[in-house]
Chemist: 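Attaching a single structure in structure tokens format; questions to follow.
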Amino acid sequence: VTGAARWLVRRIAAALFALFGATVLSFAIAVALPGDPSRVLVGPQARPADVEVAKRVYGLDGTWYQRLGRHLGRVVHRAPSGARPDDARAHASCSAPLPGVHVDLGTSFVYRKPVAALIWARLPRSLELAAGALLVQLLIGLGAGVLAGAKRGARADDVLMGTALLAASAPTFVVGAGLQHALAYRLHLLPLDGVGKTPGEHLASLILPSIVLGVYGSALLARVTRDQVRAALAADPARTARAKGAGPLRVVIAHGLRNALVPIATLAVLDFGALVGGAVVTEKMFRWPGLGDMAVTAVVNRDAAATAGVALAAAVAVAAASIIVDVLALLLDPRLRASK
Amino acid sequence: LSEPAARPSAVGSIGRALLRSPRARPGVILFGALTLFSLVGPWLLPPPDRSHFALDRAADGGPAGPSFAHPLGVDSLLRDELARLAHGGRTSLAIAVVGALAASMIGAFIGVVAASTARGRYRFVDVAIVRLIDVVLALPFLLVVTAIGAALGRSDVTTLFTVLAAVGWAGSARVIRAEALVVLELPFVSSARALGAGTWRIAHAHVLPNVAGLWVVMATGAVGSMILAEAVLGYLGVGLAPPDATWGRMLHEAETLLAVRPLLTVAPAACIVFAVLAANRVGEGLRDAIATSRSHAPRHRAAAWDLAIACCVLVATAAWPPAVPDPPRAAAAAQAGETPRPGGELRVATYIAVRTLDPALAYDEPSGAIGRLVWERLLEIDDDGRLVPRIATSFAWTEEGRALELTLRETARFSDGTPLAAADVKRSIERALHPKTPCPGATYYEALVGFEPFRKGAADHVSGIEVVDPHRIRFRTSERSPSLVSLLSLGFAAPVCPSATAPADPNADIPPCGAGPFTIGELHSEEGVRLVRNERYDVPGVPLLDAIDWRFNVRSQVQRFKIEAGELDITRDLTPSDALLFRASPAWRGLGVDVPTRTLSAVFMNVEMPPFDRVEVRRAVSYALDPSVLPRVRPDIVPLDTVVPSSVPGHAGGGPPRVHDLGRALAHMARAGLPYDPATGEGGWPDPVDYVTVSDSFEQATAEIWQQQLAAIGIRVRLRTWPFATYLAEVKSRRRAAMGWVGWGADYPDPLNFFEPTLTSRAIGDPSQNYAFFADEELDDVVARAMRELDPARRKDLVARAESIVRDRAPWVPTHTPQTYAVRLPRVRGWKPTAGAPQDFSTVWLADAPPPPLAARSP
């Protein structure tokens, strides 16, 4: 147990390093890229003198390392005593997870809000969408994969794998536009876009983007599942079980699926991590206010604080996912446990 | 002990196995056919980058459909679709195959190295790799891609390989590492280790062959995702420079025409889908060939179900008739003699993300339109240049045009009940000009006496704004400044409530209140704003609506769906092809209107950079460009030959039109010492000239047309397309952009606003608003005189003089101005959109407005 615990602590420490790396790297890239972020604030036609004022007000002046230093210097700091009248304004973009400690991811000049508050508001939307997409992905991918793997050579194999691959071969914006046109516009079955006002509407609005996002990932999952199940079913233990009279369902579940779980779980959980920050086109298309949508806006507008914030949030998701993958792998595959 | 998996001895045996496998054979044939088409097609077909402007538009307004000369029809820029498909195949297939191989090979190598070093002395290698993968996967894909694209500069095929490989390796490395770790625990690996095999030997002889199957799955899966990734890159403007075609870009470009020409979407989509399917089948065959231990698995004649389904879907989509707009629901027929009725809620939308509404900070169009309704302006100027009284009822110039006195409406008050007095006007303007307010237009008001010390923080007030009495206010300028009337019609000068903070806080959640016919009910900057009627508004009969629901960030396509479903009352953002369908639809006749805009698109030429440092070359370009072909590409475009569009009051108008004349253009090239012979293609300017524009925009499409037209006079244009922020940085830097697109919209309704900030030597700087770096003493003088001229007729003459200077010396070649096609539901009445106020809903009413409950109308 202690070995596993020590391993987990090391794993988390490493994840923190990755978070720091992602933050620094993304902020530095966003600042160093050619482009003129202050234009977003005052418009492309504003005169240079007005642009200068806007830069100063938003803290966009200075070289990239000065800005990076300013940003990092504020990420974690002590809370002010509150004695000075300026304190409230100076710490407007901070959040206080612990008493006396401020976390400040800066202010997004595109959204004109503290980055921490923005991410906090958008993270639930991204998690919902990622969970919905993962559900779709697992339903289609596992279902089709197990079926196709169990019935190798049957027509079902061809039809299932063909359809899954076909769905994943079309770009998201084509699948999305097609489904939106058919299900929402023509048949009025689902909302066109947005998040809805009531929980029921919210859930209904989630369906279309989840399908669009989930279908894409399901093909790879289906293929990996099929191959793993097929290999496991062809291996000795499954043959032995069959010879001892185990039913076909029991063989597929206990010997086929069980052995395929490690790569499937690896794929699924990593996908979830990537989906949290990566549903760019889908979020845009369905006006779903998540992190992917924010990432594009931030990068395109060279909003360094928001870019670093989204990168951090995505990094947390990916890092958490990869820790979960490793833990799952240990739980699911006894062979690995021996090495830890 | 299990045998280590055997590896095929030679490439030839793999090839034989591939062709023997019934699963792989159709894939090999299909992939081969696509490759053959891409290799041979370009020789047989017309050039892929030539627009056929002679073709007539089809009856539905879309580009011409299939014909004998163009078997698949022509694309949005009237270029042969089949030829572009063949050329696109070359790049797309090469990029996909090389990108996928590179990414998955790097991934597999790194994954195996990581797994092999996971135990033992070199553990730190594994740890470092895993950390690196974490960081790479955590970074936003867009950021990495944009960064690499920007770092490598030009976008060519090599750039794309690099980008795709650099982004794609991490995922496969993770999966391969996980699989390799499992393999390393297998009994035969332990045995090998026990027999003394080293790390390298185990990785080479045991791990690699056993992860090869998974690697092939990853690699073939990557071929498809690489084609799709390439489409995303094109979308971001870091793909191949236009006009080169790729399947992904063609698909993206056809998206806007999906409603009228589904074939243009289906053709590249079919190529992509078949290429991916073929790659998959080849991959399966490859795996069977490599994993000989599994060769006893049953073989069968696999029916090509995937291909069959794909064909059905594609044929059905291509044959799908254009989605003609449904007639408007709940049509309320116009009745003679009906009178405006109050009540009801108007629902409108914009595709723009509105960031702020505060009148001191807002500059984009929707925030201006919303602002007009909430913060009533001092005055407005209609499309004929006449003053429309708002809060100011009249104005008078005194002191030889150095002072402007406004008389204010005595009954005016803010929505919080405070009466509006002259001191509020002064306070509101000073709030916008405050040294800590990032107001986009503060320096417009620099002619005001006392502007400089106030803006620098040295004075508490702008001394040139004088409160004469509670209802009269005087503005003093250092010299005569007739533009001041236009400037006072802007939102920056609109009065805000006394409770407003100064300086204006750009991060405030709720903007201050104002004195307009509506107030802000609810505001969610991501979602939209709900305006409710201001019960304290003092002008009788205004507004008629109870509320306006204004959604932000709504895509054009969705706006179309919503107006058909009756969920939206007005849309101005239809895609060009949807606009065509609505124009042609009998059910929507009389409900659409073309609204001119006060914007200009032009081609600028940097007079400091060769070859445009020679005025004769610039003149040649001005005769070579022919904007009259633009309406064939998009009917809502109006060609333009003056700097100032005719929708701006006070434009010069009249003069002789600029003519497109290839002969004269060639003569000017000869006079510049660069004679060009169109027959042989010899002569002209020897080097390629970079043209800078915004990616994925209509301006990119026009650039592709200018490229064809300039090739006819011996100027070989190379297109560089950038996201907007990068484009701005490029064009504003000295000696960076030789030529490119320049767009300008009127900041305020004044023709000089098109010359003074953009073409005078005063506008040159670093960064420069004068993209052409055009310094001309005569133009400077004419503009300066016009700025001080109070007499409208003499001012118009000076504007005409400025136009003729620009036409003669050609720092800019004005090309076009867009129109907006706005559609409304039949129940919307009283809406008269103009170029100056396209969304003034203060007098709009709804024919089916419910009679309001009396209790709800209390003040």
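We use all heavy atoms of the structure for the numbers below, so side chains are in, but hydrogens, waters and symmetry mates are not.
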Chemist: Rounded to the nearest 0.5 Å, what's the gap from CD on A:Gln180 to CZ on B:Arg555? Could you check?
Modeler: 5.0 Å
Chemist: Count the heavy-atom pairs under 4.5 Å between each of A:Ala54, A:Pro48, A:Gly43 and chain B, then report the option with the highest count.
Modeler: A:Gly43
Chemist: So, for A:Arg47 and B:Pro757, which heavy atoms are closest and what is the spacing to 0.1 Å?
Modeler: NH2-CG, 4.3 Å
Chemist: Who wins among B:Arg174, B:Glu179, B:Gln557 for the most heavy-atom pairs under 4.5 Å with chain A?
Modeler: B:Arg174
Chemist: For a side chain to side chain contact (heavy atoms under 4.5 Å, CB included) check, start with the C-alpha distance between A:Gln45 and B:Thr758, then their side-chain angles and the critical distance, and finish with the verdict.
Modeler: CA-CA 9 Å; A:Gln45 298 191 174; B:Thr758 57; over 6 Å; no
Chemist: Report which part of B:Lys732 has an atom under 4.5 Å of a heavy atom belonging to chain A: side chain, backbone, both, or neither.
Modeler: side chain
Chemist: Checking B:Glu730 against chain A: side chain, backbone, both or neither under 4.5 Å from a heavy atom?
Modeler: neither
Chemist: Looking at CZ of A:Arg287 and CZ of B:Phe552, how far apart are the two atoms once the value is rounded to the nearest 0.5 Å?
Modeler: 10.0 Å
Chemist: B:Asp509 versus chain A, heavy atoms under 4.5 Å apart: side chain, backbone, both or neither?
Modeler: side chain
Chemist: Among the options B:Val175, B:Asp747, B:Leu361, B:Thr265, pick out the one with the most heavy-atom pairs lying under 4.5 Å from chain A.
Modeler: B:Asp747
Chemist: State, to 0.1 Å, how close B:Thr437 and A:Val53 come at their nearest heavy-atom pair, and which atoms those are.
Modeler: O-CG1, 3.8 Å
Chemist: Against chain A, work out which of B:Ala729, B:Gly171, B:Ala118, B:Ala442 has the most heavy-atom pairs shorter than 4.5 Å and name it.
Modeler: B:Ala442
Chemist: Compare every heavy atom of B:Pro440 with every heavy atom of A:Ala46, then report the nearest pair and how far apart it is.
Modeler: CB-O, 3.6 Å
Chemist: Check whether B:Phe561 gets within reach of chain A through its side chain, its backbone, both or neither, counting any heavy atom under 4.5 Å.
Modeler: both
Chemist: Under 4.5 Å, counting heavy-atom pairs only, tell me which of B:Gly765, B:Gly745, B:Cys439 racks up the most with chain A.
Modeler: B:Gly745
Chemist: Can you tell which part of A:Val51 gets under 4.5 Å to a heavy atom of chain B, answering side chain, backbone, both or neither?
Modeler: neither
Chemist: Between A:Arg112 and B:Asp505, is there a side-chain N and carboxylate O pair less than 4.0 Å apart?
Modeler: no
Chemist: If I measure from the heavy atoms of chain B, does A:Gln228 come under 4.5 Å with its side chain, its backbone, both, or neither?
Modeler: side chain
Chemist: Which atom names give the shortest non-hydrogen contact between B:Pro438 and A:Val42, and what distance separates them?
Modeler: O-CG1, 3.8 Å
Chemist: With a 4.5 Å cut-off on heavy-atom pairs, point out which of B:Ala763, B:Gly441, B:Gly743, B:Pro767 contacts chain A the most.
Modeler: B:Gly441
Chemist: Counting heavy-atom pairs under 4.5 Å with chain A, which one of B:Asp364, B:Asp766, B:Val554 comes out on top?
Modeler: B:Val554
